[in-house]
Amino acid sequence: SIVISVFPINLGRFHVLHPMLWSIMFALSLVWMVRYIRAPQSYIAIFISLQLIYVGFNHELVQNLNQPSYEAFFAEEQFAQISDFIDQPLDSYYVVTIGFHPSVALYNGFYTLNAYVSNYPLAYKNQFREIISGELDKNPELQSYFDNWGSRAYIFVDELGNDSTLYRGNGIRIEDLDLNLDVLHEMGGRYILSAVEINTETNPEYQLLEYFQHPDSAWEIYLYGF
């Protein structure tokens with residue numbers, strides 16, 4: 001991590017090349033065995049079988065297999081229902097998302113104030129920070145994450161930590177949500193799309209407008225006004 005902090009890029013992204021490198025090494029090892037080792041074909045078959053078993057139980061591969069499908073992740077029909085319920089031109093208001101990546105809403109045509117953007121004006125970051133400052137004050141780790149990096153300009157919530165993929169059935173309810181709604185409104189925000197419930201009894205400034213679920217969606221979406 002010390003080395004990574006010295007460079008202006010995240011060297012951890014190198015890991016994305018690992019599958020390709022391991023595949024090349026596997027292919028070279030097979031060539032080496034066939035051309036330079038006079039081993040019985042049964043040994044080679046066992047070696048290849050062990051490699052395939054390893055790939056089959058690879059943690060990252062198994063983890064990805066347990067993820068929702070592309071269709072479920074972007075949930076077009078569910079977000080069409082949300083748009084129809086709001087019944088306003090999509091370019092006439094902004095939304096923010098909690099508990100799921102704003103890219104999902106963006107993909108479905110919504111205009112979001114929060115996003116994952118590598119390059120955007122510092123003035124926007126500073127203004128957006130005012131929205132989440134109350135939550136950042138509760139959590140030094142999230143505060144450092146946003147202040148010292150900031151490409152992920154999300155609605156960070158102390159009770160959720162840095163988890164941005166809270167799929168349906170999570171059973172989570174936010175008890176104390178401290179957002180600056182005046183700044184949110186000033187920036188054009190009108191609705192909150194949340195993958196978790198907000199306790200409106202302890203947070204009366206938020207009004208639950210509707211709850212959306214869909215059998216083909218990875219999310220449960222609570223629509224809040226303020």
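The chain is numbered in sequence order, starting from 1.
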Value rounded to 0.5 Å, distance of CD1 in I131 from CG in D182:
10.5 Å

What pairs with K138 under side chain to side chain donor-acceptor pair (under 3.5 Å), at least two apart in sequence or on another chain?
E135, D176

May I have all residue pairs that pass salt bridge (charged side-chain N to carboxylate O under 4.0 Å, His left out) and include part of residues 207-226, sequence neighbours excluded?
none

When you look at I192 and V95, which way does the side chain to side chain contact (heavy atoms under 4.5 Å, CB included) test go after all the steps?
CA-CA 6 Å; I192 297 173; V95 304; over 6 Å; no

Tell me, with the steps shown, if I198 and L208 meet side chain to side chain contact (heavy atoms under 4.5 Å, CB included).
CA-CA 8 Å; I198 300 172; L208 177 62; over 6 Å; no

Minimum-distance pair of heavy atoms, taken over all atoms of S151 and S118:
OG-CA, 3.7 Å

Non-hydrogen atoms of Q81 and F212 that approach each other most closely
O-CE2, 3.7 Å

Within the 6.0 Å centroid threshold, strictly below: F110 and Y191:
no

Group every Ile, Leu, Val, Met, Phe, Trp and Tyr by side-chain heavy-atom contacts under 4.5 Å, then state whether Y167 and I221 land in the same group.
yes

Y116 ring center near W149 ring center (under 6.0 Å):
yes

Using a 6.0 Å cut-off, check whether atom CD of E175 has over 12 heavy atoms from anything other than its own residue.
yes

Might you point out which heavy atoms bring E76 and N108 nearest each other, and give the distance in Å?
CA-OD1, 3.2 Å

Sequence-distant partners of D158, side chain to side chain donor-acceptor pair (under 3.5 Å), two or more places apart:
N139

In terms of ring plane angle, is the pair Y222 and Y211 parallel, tilted or perpendicular, where the classes change at 30° and 60°?
tilted

